[in-house]
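Here's the structure we're looking at; comments come further down.
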Protein chains: 2
Amino acid sequence: MPKKKTYHHGDLKNALIKAGVAILAKDGVSGLSLRKVALKAGVSHSAPYSHFADKQALIAAISTEGFRQLYERINSSAEKYKDRPTKQLVEVAWAYVQFAMDDPDRFKVMFSDVLEKEKEYPEFVAESQRNFQLVKRIVEANQASGQLRSGPTELVALSAWGIVHGFVMLLLEGQISHTILEQTSLRELLEFQIESLRK
Amino acid sequence: MPKKKTYHHGDLKNALIKAGVAILAKDGVSGLSLRKVALKAGVSHSAPYSHFADKQALIAAISTEGFRQLYERINSSAEKYKDRPTKQLVEVAWAYVQFAMDDPDRFKVMFSDVLEKEKEYPEFVAESQRNFQLVKRIVEANQASGQLRSGPTELVALSAWGIVHGFVMLLLEGQISHTILEQTSLRELLEFQIESLRK
DNA sequence: CTCTCAATCTTGACAGTGTAAAGATTGTAG
DNA sequence: CTACAATCTTTACACTGTCAAGATTGAGAG
């Protein structure tokens with residue numbers, strides 16, 4: 001990939017997001033600084049301000065992009081198993097867990113208070129809502145096929161998301177003790193969680 | 001309480017923790033700086049280093065103290081309703097939710113990656129484990145009284161904690177849309193979540 | 001094709017941050 | 001009473017987010 005060293009970068013905005021994701025993966029959330037991101041993108045420390053109002057805005061963009069990818073993961077998993085209702089739910093949840101484990105720090109940022117004024121980032125809100133809509137659709141289908149308990153789809157979807165999200169969070173926070181993880185595989189743990197939702 | 005202005009503070013360590021909690025409540029996690037904490041405690045900006053190795057250590061102490069209080073809340077709620085098995089579970093979960101809502105930022109810090117190397121803070125680990133032990137005891141009692149589905153207590157406890165924790169997290173992150181909250185009270189939402197655990 | 005301008009990027013500056021080192025103060029053990 | 005160790009202050013430094021002023025350049029108007 002030949003990078004011309006012109007004054008105008010050309011696609012700096014996306015390059016910054018990409019650099020941010022990389023730094024997040026390497027140095028964690030506490031190691032994510034605007035200046036480092038700029039450096040990694042081969043640009044001066046103030047250049048990001050041409051594309052992002054402040055650090056929060058960059059983080060919002062990273063999160064938004066993360067939600068886009070999460071959507072793809074969940075959706076493709078749901079599609080893949082749409083003819084096997086008994087497996088679909090667990091597989092979708094598994095995709096969620098995998099996404100979180102692939103890049104824990106990005107996941108944390110996506111669901112973290114790092115974004116203090118979400119309202120100011122409509123794209124972020126939209127993308128995050130789009131994910132919940134997807135979950136609702138999957139839940140609805142599973143209710144129809146009798147895999148999930150009945151009740152208001154919105155609330156059951158909230159239960160489903162909550163139980164998986166809670167599981168992932170406890171996992172990422174290291175609250176799920178090592179002794180449990182030795183006895184039971186992550187996958188089995190997740191399946192046990194999902195069972196709660198069945199009816 | 002008259003504060004003598006001596007060179008030696010006397011109980012600076014606890015004063016710093018207290019100041020930290022106050023700043024956390026007022027300015028949020030991003031507004032929590034060591035220097036501000038020191039200032040609030042009426043002490044020079046470097047004084048904290050006599051009691052905490054670094055900022056992480058102070059945060060660890062704040063979190064540890066938070067877990068102590070969380071334990072008290074949960075425990076007293078469990079005691080209060082120990083003769084009413086049908087209510088106990090929801091009430092305990094409600095206490096958890098209330099604790100989180102009372103001071104969202106402290107709660108986030110307690111369960112946040114802000115603590116990157118937990119292993120180095122054995123008190124924190126111990127206190128957090130003590131909470132899980134408590135949850136396990138409550139779950140065990142509820143399994144015995146038929147309020148909770150059977151199965152390995154450790155895993156059911158994980159489910160219970162996960163479902164409530166996930167709920168709280170989605171709530172704090174603003175992922176539970178306003179429209180849902182308008183239709184259904186928080187309490188009802190929680191009860192719906194808990195129902196999943198019943199058998 | 002040239003001129004102009006708005007978008008983009010750089011440079012320089014500033015206040016706030018965490019933290020390390022060296023020194024000042026003081027309670028307390030001997 | 002005295003020395004010491006714990007506690008607190010002062011000073012210093014690198015790094016951070018952000019702003020303002022200026023440099024560079026691509027693209028459209030003439």
Side-chain angles (χ1 to χ4, degrees), chain A residues 2-20 22-24 26-63 105 109 112-117 120-121, chain B residues 2-20 22-24 26-63 105 109 112-117 120-121:
Chain A
K3 285 193 181 170
K4 301 205 219 159
K5 207 187 151 221
T6 60
Y7 193 94
H8 284 4
H9 182 287
D11 191 26
L12 183 56
K13 186 167 183 175
N14 285 97
L16 289 171
I17 294 176
K18 208 168 174 181
I23 291 177
L24 216 42
K26 182 148 49 94
D27 304 335
V29 49
S30 72
L32 180 71
S33 81
L34 263 185
R35 293 173 106 104
K36 235 191 275 183
V37 170
L39 183 69
K40 179 142 205 159
V43 99
S44 87
H45 68 262
S46 268
Y49 285 89
S50 293
H51 301 274
F52 301 101
D54 51 17
K55 190 183 181 184
Q56 291 283 327
L58 172 60
I59 292 179
I62 292 175
S63 299
D105 286 286
V109 160
S112 156
D113 52 323
V114 175
L115 265 196
E116 273 138 14
K117 349 168 232 174
E120 297 178 20
Y121 307 99
Chain B
K3 287 192 183 172
K4 302 203 218 161
K5 207 189 152 219
T6 59
Y7 192 93
H8 282 4
H9 182 287
D11 191 27
L12 184 56
K13 186 167 184 176
N14 285 98
L16 288 170
I17 294 177
K18 207 167 175 180
I23 290 177
L24 216 41
K26 182 147 50 91
D27 303 336
V29 49
S30 71
L32 180 71
S33 80
L34 263 186
R35 293 173 105 104
K36 235 191 276 183
V37 169
L39 183 69
K40 180 142 204 157
V43 98
S44 87
H45 69 261
S46 267
Y49 285 89
S50 293
H51 301 274
F52 301 102
D54 51 16
K55 190 182 180 183
Q56 291 283 328
L58 172 61
I59 293 180
I62 292 174
S63 298
D105 287 286
V109 160
S112 156
D113 51 322
V114 176
L115 265 196
E116 273 137 14
K117 350 168 231 173
E120 298 179 18
Y121 307 100

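Residue numbering restarts at 1 for every chain, and letters A, B, ... go by the order of the sequence lines. No hydrogens, no waters, no symmetry mates; every other heavy atom, side chains included, goes into these values.
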>> Just the rounded figure in Å: distance from P of dC8(D) to NZ of Lys13(B).
In response: 12 Å
> What residues, two or more places apart in sequence or in another chain, satisfy side-chain contact (heavy atoms from CB on, under 4.5 Å) together with Asp27(A)?
Replying inline: Ile23(A), Lys36(A)
>> So if I take the C1' atoms of five pairs at each end of the helix from dC1(C)-dG30(D) to dG30(C)-dC1(D) and get each local axis, what angle do the two axes make, rounded to 10 degrees?
In response: 0°
>> Strictly below 4.0 Å: does Ser44(B) bring a side-chain N or O up to OP1 or OP2 of dT9(D)?
In response: yes
> Atom CG of Leu12(A) and atom P of dC9(C): how far apart are they, to the nearest Å?
Replying inline: 5 Å
> Any donor-acceptor pair under 3.5 Å joining the side chain of Ser46(A) to the base of dT11(C)?
Replying inline: yes
>> How close do Tyr121(B) and Ala57(B) get, counting heavy atoms only, and between which atoms?
In response: OH-N, 3.5 Å
> Which pair of non-hydrogen atoms, one from Pro48(B) and one from Leu16(B), has the smallest distance, and what is that distance?
Replying inline: CA-CD1, 3.8 Å
>> Restricting to side-chain contact (heavy atoms from CB on, under 4.5 Å), what partner residues turn up for His45(B), sequence neighbours left out?
In response: Arg35(B)
>> Just to verify, what does Lys26(A) make a side-chain contact (heavy atoms from CB on, under 4.5 Å) with, not counting sequence neighbours?
In response: Lys40(A)
> Please give, in whole Å, the distance from dT10(C) P to Leu16(A) CG?
Replying inline: 10 Å
> When rounded to the nearest 0.5 angstrom, what is the spacing between CG in Leu32(B) and CD1 in Ile62(B)?
Replying inline: 5.5 Å
>> Tell me every residue that passes side-chain contact (heavy atoms from CB on, under 4.5 Å) with Tyr49(A), counting only those two or more places apart in sequence or in another chain.
In response: Leu34(A)
>> So, applying side chain to side chain contact (heavy atoms under 4.5 Å, CB included) with Phe52(B), which one of Ile59(B), Ile17(B), Val37(B) is it?
In response: Ile17(B)
> Rounded to whole angstroms, how far apart are CZ on Phe52(A) and P on dT8(C)?
Replying inline: 12 Å
> What integer distance in Å separates Asp27(A):CG from dC15(D):P?
Replying inline: 14 Å
Tabulate atom names and distances for all N/O pairs under 3.5 angstrom spanning the protein and nucleotides 15-18 of chain C.
| from | atom 1 | to | atom 2 | distance (Å) |
| --- | --- | --- | --- | --- |
| dT17(C) | OP1 | Ser33(B) | OG | 3.3 |
| dG18(C) | OP1 | Leu34(B) | N | 2.9 |
| dG18(C) | OP1 | Lys55(B) | NZ | 3.2 |
| dG18(C) | OP2 | Leu34(B) | N | 3.0 |
| dG18(C) | OP2 | Arg35(B) | N | 3.3 |
| dG18(C) | N7 | Arg35(B) | NH1 | 2.5 |
| dG18(C) | O6 | Arg35(B) | NH1 | 2.9 |

